[in-house]
Amino acid sequence: EHPTTKPLGLYRRIVSVITSKGQTVLDCCMGSGTAGVVCCELGRKFIGIDNKEKYFKIAEKRIAAAASQEIMF
């Protein structure tokens, strides 16, 4: 839903390599919230910022859905 969508797998790899569980990730251009979704999956805290309300709302929904899921791995 965003013109520069990144794969979840890529973000999982990046976030898992450069952070530890419980740390906070800041994404200043979060778009549709892929980094936030991955942070929920990997047990990281997340702060996301975007200047486009449309994408911020999409990110809010995606991250809330990810946060409510039981982690299976």
Side-chain angles (χ1 to χ4, degrees):
E1 296 185 54
H2 191 274
T4 59
T5 302
K6 298 356 173 250
L8 280 170
L10 174 62
Y11 267 87
R12 275 189 203 104
R13 178 74 176 134
I14 292 168
V15 170
S16 67
V17 168
I18 64 172
T19 66
S20 299
K21 193 171 186 172
Q23 287 187 311
T24 302
V25 173
L26 170 64
D27 187 349
C28 297
C29 302
M30 76 171 167
S32 61
T34 302
V37 169
V38 167
C39 286
C40 290
E41 292 176 358
L42 298 178
R44 274 60 167 179
K45 298 171 189 159
F46 179 74
I47 299 170
I49 303 166
D50 204 278
N51 65 349
K52 302 245 189 266
E53 185 176 356
K54 171 185 175 180
Y55 296 120
F56 191 89
K57 289 182 182 288
I58 292 168
E60 276 186 309
K61 289 178 186 174
R62 289 184 69 208
I63 294 166
S68 69
Q69 296 296 311
E70 183 178 330
I71 305 304
M72 302 301 288
F73 56 93

Do L8 and F46 belong together in a cluster built from hydrophobic side chains that touch within less than 4.5 Å? yes

List the atom of [X], the atom of [Y], and the distance in Å for their closest heavy-atom pair.
| X | Y | result |
| --- | --- | --- |
| M30 | G48 | SD-CA, 3.5 Å |
| V15 | C39 | CG1-SG, 4.4 Å |
| A59 | G31 | CB-O, 3.6 Å |

Tell me every residue that passes side-chain contact (heavy atoms from CB on, under 4.5 Å) with [X], counting only those two or more places apart in sequence or in another chain.
| X | result |
| --- | --- |
| K52 | D50, Y55 |
| I47 | T24, L26 |
| K61 | none |
| S20 | Q23 |

Salt bridge (charged side-chain N to carboxylate O under 4.0 Å, His left out) partners for K57, two or more places apart: E53

If the condition is side chain to side chain donor-acceptor pair (under 3.5 Å), which residues does T19 pass it with, not counting sequence neighbours? R44

Separation of [Y] [atom2] from [X] [atom1] (nearest 0.5 Å):
| X | Y | atom1 | atom2 | answer |
| --- | --- | --- | --- | --- |
| L42 | R13 | CG | CZ | 11.5 Å |
| F56 | I49 | CZ | CD1 | 9.0 Å |
| I58 | I63 | CD1 | CD1 | 11.5 Å |

Could you tell me whether the side chain of R62 and the main chain of S32 form a donor-acceptor pair under 3.5 Å? yes

Is V17 isolated, or which residues cluster with it under the ILVMFWY side-chain rule of less than 4.5 Å, directly or via members? L10, I14, I18

